[in-house]
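All chains are named by letter (A, B, ...) in the order of the sequence lines, taking the proteins before the strands, and each is independently numbered beginning at 1.
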Amino acid sequence: MLDREPKIVAFLCNWCSYAGADLAGTGRIQYPPNVRVIRVPCSGRVDPLMILKCLQRGADGVLVSGCHPGDCHYIAGNYLARRKFVLLDKLLDFFGIEKGRVHFSWVSAAEGEKFADVVKQVTETVRALGKPTKLVR
Amino acid sequence: MPSMLQDTGFDARIGVYVCHCGLNIAGVVDVEAVRESARFLEGVVVVRDNRYTCSEVGQKGIADDIKEFMLNRVVIASCSPRLHEKTFRTLLEKSGLNPHLLEMANIREHCSWVHYDNHEAATEKAKGLVHSSVARARLLQPLSRTKGRVVPEVMVVGGGVAGISASLYLGGMGIKTYLVEREPSIGGHMAMLDKTFPTLDCSLCILSPKMVEVAECENIKVLSYSEIEKVEGQVGDFRVQVRRKPRYVNEEKCVGCGDCVAKCPVKVKDDFNRNMGTRKAIYIPFPQAIPPAYVIDDQNCRYLTQGKCKICQAVCERGAIEYDQTSYVETIEVGAIIVATGFQPYDPRGLPQYGYGRFPNVITSLDFERLICADGPTYGKLKRPGDSQVPKRVAFIQCVGSRSVASGCRGYGLDAETGSSVGATDPKAYCSRVCCMITAKQAFMVKEKYPDAEVYVYYIDMRTAGKGFEEFYQRGRHEGIVFLRGKPGEIEERDDGCLRIISEDLDSGCILDLCFDMVVLAQGLTPPDGLVEFAQKMNLSRSEDGFLMEGHPKLRPAETAIDGIYLAGCVQFPKDIPDSVAQAGAAAAAAAVTCSKESIEIDPLGPVIDEALCIGCKLCEMLCPYGAIKVELTDKGPKAKSIEVACKGCGVCGASCSTRAITMKHYTDSQLTAQAKAILEVV
Ligand SMILES: Cc1cc2nc3c(=O)[nH]c(=O)nc-3n(C[C@H](O)[C@H](O)[C@H](O)COP(=O)(O)OP(=O)(O)OC[C@H]3O[C@@H](n4cnc5c(N)ncnc54)[C@H](O)[C@@H]3O)c2cc1C
Ligand code: SF4
Ligand code: SF4
Ligand code: FES
């Protein structure tokens, strides 16, 4: 269990998940304040290295969220992202980094509530995992 | 000149503006604290807070600062960039700065609105977001926008009353318009209605002149029996592939005499009449169809399915029958697209307790329209399907498939977990908006035709908001229509064919046990068939209810998140005819604005390739969804080259290059990592 507030970086694609997060706002849906959003054009823009860098610099968790399968604004960016993250998962496992520190999800522009749920879930998971010990500088 | 200082070769001079947004932000976030936390960040020259940054005063303040402090970067912490990025980019441009030197921190949608119960944490988060934006702003680079061409023509998809109206507005402005309709005729659902509320005008009598106008307008080309296959390009310059299905009848030659119909030996159920009558394999959906040409139904034509017959060809004096027609794809270039693909009535088989499909005398409101229509299968006599008797007692049940919270289904077209389609028969949570008035109209029509008939309406709430609607509903009550509050749990069919409904009348508290000769289910309106795939082709988002999502729920109701694509009619949400026509006007105006431009500025978000690092591995070429990056042989070996016109700026290539030879404009690795770093330092 973490004894301070977890720090979570979220990369959200501009077309779906960022808009979904906006919708959570418009709907005044409350969720934990631990996530800081970085807007990217597409989940396919997220280089696994960026995620590693976040962990290295002390992020307790990283969330990457894009459009649902088939809905990517750039046709297939989210599929490519998913494939990369499957590999990344293995690499993290190899490093001994706990499952749940890096989370990948689909949130559409209509799913404000789902975005809030994802944030809640990630925050709780990360909080329960406690202080990261691997990779952190 | 401030523009001289834009390159990062000069030190960044950043202005930070924290917006109160009235109390929207300031009511939760300590705006002054956020402002002060940015004051001494590297590169920051001036910090301010504004009540409304987007107001004229707010904007002027920034413009003045840009001059006075020679700012070369601007950070605005306010609402979502999806709302005001354009506004502020224009401000920068007017002040002599490159519009891409703006960065926004979303401290409203992503902060004050979602953490109103925790002011302290919200303030800390806002600080983090502002620091992250400042870090990114330091590294922003001016980008030159490219100019794209504008094809001054529009495509309207869907030929219901919304698409027809939009096309007529555009045609009237002298704009060449393609009206694409997937059925053999335009007209949509309105062509199937008998009368329209609240004035009881005959539906086709008011629609048909508009359809004729479409056919006669020299600026409108109707592509009936056609569907969208693929859409490429961007605002001002879309390339749309339209699949034209074969009619097997030459549209130009057919004069609609109908000689063929008389002789065609194949009779099938008539879908236009909701399968209650029959038509031939060669047919015209309804007499006023536009185009006024016949069509052969290739699923049922004896020649096309069995190779024998050709009777229609023999009788057609004009030689219009062409069995060898095949489907083909036509590519059309337009500057804007209006989507008006309407709705699909809810299929009540999803609620088996009402027996639709099992009990012949349980019908839907659309069935009712065909039954009572003089052009319908019973020539306007309300003969119930079971035994062709005119019913003496008729019940209407409201909200069938609408307002169904209990079912737990929100109506979203794709199941969030499994990704599979949610069926048309799943009841929806939303109110379909028009069914109360449809029933008020239909109940009135029963009374009008058969004054002795007893008419009952089971309802949850009667929603009659609209000009003349409440007055119309009250008129129905005066005519003796009985309105009972309460939704029946089920319909039972008795041996004598009568339909029994037991329900509680919530107004009197009595349990009522009544029998009817016919029950009409007021079916809700659901997204049109195939909208999931259609939305994917067009890259459009759908709302939770499954309809297409508008650009902004209040301010851009006829636009979408994609520039150059607009919405009209029920495809955005259920609405009545006047609202569909009004939205069509708005969409046409928006499309006309796009077409009136000489050129359109396109955001230059693509890859920059460092040839020294590129090893020509072709990974980027393989991954790019648009074929917009290609490895070419140069005198230094194979090197990747960006094809700017094709690139959409997704960043897939940039995230994949193993030698880091690719830098994504405006989303560079260093910009994104600087943001992350700043975030992690603050919290
Ligand atoms: C039973 C009933 C009674 C009604 N009575 C009234 C009334 O009295 N007064 C009133 O104001 N309103 C009434 N309405 C509502 C009215 O029908 C709608 O407001 C109106 O039809 C909406 O028009 P539209 O053009 O948006 O959609 P539609 O009429 O559904 O037209 C959409 C068109 O797009 C076509 N299309 C669909 N998908 C595609 C595709 N992928 N590609 C190409 N084309 C496509 C369809 O074939 C159709 O022609 C009634 C509705 C019902 C169900
Ligand atoms: S992925 Fe990188 S190295 Fe490979 S061809 Fe593309 S730019 Fe060159
Ligand atoms: S940014 Fe996307 S579209 Fe452009 S070249 Fe790279 S992969 Fe292709
Ligand atoms: S644009 Fe959302 S994942 Fe590609």
Side-chain angles (χ1 to χ4, degrees), chain A residues 5-7 9 11 14-16 18-19 21-42 44-50 53-54 57-59 62 67-77 80-81 84 106-114 116 119, chain B residues 79-83 106 108-118 121-122 124-125 128-129 132 136 412 414 416 419 532-533 535-536 539 541-546 549 553 561-562 605 623 625-626 648-652 654-656 664 666-667 669 672-673 675-677 679-683:
Chain A
E5 282 301 311
K7 305 177 236 180
V9 178
F11 293 94
N14 181 44
W15 299 95
C16 291
Y18 194 94
D22 276 3
L23 190 68
T26 321
R28 311 295 198 275
I29 304 168
Q30 304 294 295
Y31 57 79
N34 307 67
V35 161
R36 307 285 182 266
V37 170
I38 296 179
R39 182 160 72 136
V40 286
C42 172
R45 169 66 189 100
V46 182
D47 185 338
L49 204 66
M50 280 178 206
K53 276 191 186 161
C54 287
R57 291 196 184 277
V62 180
C67 312
H68 281 263
D71 284 355
C72 172
H73 185 72
Y74 305 102
I75 308 173
L80 295 171
K84 278 185 208 160
W106 322 114
V107 172
S108 82
E111 294 175 321
E113 258 175 74
K114 180 168 177 196
V119 172
Chain B
C79 51
S80 171
R82 293 174 65 253
L83 213 63
N106 186 345
R108 193 179 75 176
E109 280 83 347
H110 290 189
C111 190
S112 66
W113 277 353
V114 287
H115 308 309
Y116 59 62
D117 50 1
N118 193 343
E124 284 314 302
K125 179 169 177 179
L129 293 174
S132 155
R136 173 174 162 80
Y412 188 59
L414 270 187
V532 176
E533 297 75 22
Q536 283 176 354
N539 251 326
S541 297
R542 288 172 305 123
S543 331
E544 202 165 8
D545 47 42
M549 192 185 252
I562 313 269
L605 304 179
L623 294 180
Y626 299 96
K648 299 269 187 183
C650 66
V652 161
S656 311
M664 290 309 305
H666 210 55
Y667 292 99
D669 283 358
L672 297 176
T673 359
Q675 266 185 283
K677 187 171 161 240
I679 287 171
L680 294 166
E681 273 167 5
V682 178
V683 208

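Nearest heavy-atom pair across A/Pro48 and B/Ala655 is CD-O, 4.4 Å. Across B/Ala676 and A/Cys54, no two heavy atoms sit closer than the pair CB-SG, 3.7 Å. For A/Tyr74 against B/Tyr626, the heavy-atom pair with the smallest separation is CA-OH, 3.0 Å. In this structure, A/Arg39 and B/Tyr667 approach most closely via the heavy-atom pair O-CE2, 3.3 Å. When every heavy atom of B/Gln536 is checked against every heavy atom of A/Asp71, the shortest pair comes out as NE2-OD1, 3.0 Å. Contact between B/Thr673 and A/Lys53 at its shortest, heavy atoms only, is CG2-CD, 3.3 Å.
Interface remark: of the candidates B/Arg82, B/Arg108, B/Glu124, B/Arg82 forms the most heavy-atom pairs closer than 4.5 Å to chain A. Top candidate by heavy-atom pairs under 4.5 Å with chain B, chosen from A/Ala76, A/Ala19, A/Cys42, A/Cys16, is A/Ala19. Heavy-atom pairs under 4.5 Å with chain B were tallied for A/Asn14, A/Asp47, A/Asp22, A/Ile75; the largest tally goes to A/Asp22.
Neither the backbone nor the side chain of A/Ala81 has a heavy atom closer than 4.5 Å to any heavy atom of chain B. Only the backbone of A/Ile29 has a heavy atom closer than 4.5 Å to any heavy atom of chain B. Using a 4.5 Å cut-off between heavy atoms, A/Cys72 touches chain B through its backbone atoms (N, CA, C, O) alone. Looking at A/Val9, the atoms closer than 4.5 Å to chain B (heavy atoms on both sides) all sit in the side chain, from C-beta outward.
Between the side chain of A/Gln30 and the backbone N or O of B/Tyr116 there is at least one donor-acceptor pair closer than 3.5 Å. At distances below 3.5 Å, at least one donor-acceptor pair connects side-chain atoms of B/His115 with backbone N or O atoms of A/Tyr31. Without hydrogens or angle criteria, B/Lys125 side chain to A/Asn34 main chain gives no donor-acceptor distance under 3.5 Å.
In this structure, B/Arg542 CZ and A/His68 NE2 are separated by 9.5 Å, a value rounded to the nearest 0.5 Å. With rounding to the nearest 0.5 Å, the separation of NZ in B/Lys648 from NE2 in A/His73 is 7.0 Å.
Between A/Tyr18 and B/His110, the two ring planes are tilted [angle within 30° to 60°].
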| task | Output, in order, the C-alpha distance, side-chain angles, deciding distance and verdict of salt bridge (charged side-chain N to carboxylate O under 4.0 Å, His left out) for B/Asp669 and A/Arg45. | result | CA-CA 10 Å; B/Asp669 283 358; A/Arg45 169 66 189 100; 2.7 Å; yes
| request: For the pair B/Ser656 and A/Lys84, evaluate side chain to side chain contact (heavy atoms under 4.5 Å, CB included) and give the outcome as yes or no after the intermediate values. | output: CA-CA 9 Å; B/Ser656 311; A/Lys84 278 185 208 160; 3.1 Å; yes
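Inter-residue side-chain proximity for A/Val37 and B/Asn106 is flagged as unmet; no heavy-atom pair is nearer than 4.5 Å. Contact of the A/Pro41 side chain with the B/His666 side chain is not registered, since no non-hydrogen atoms from C-beta on lie closer than 4.5 Å.
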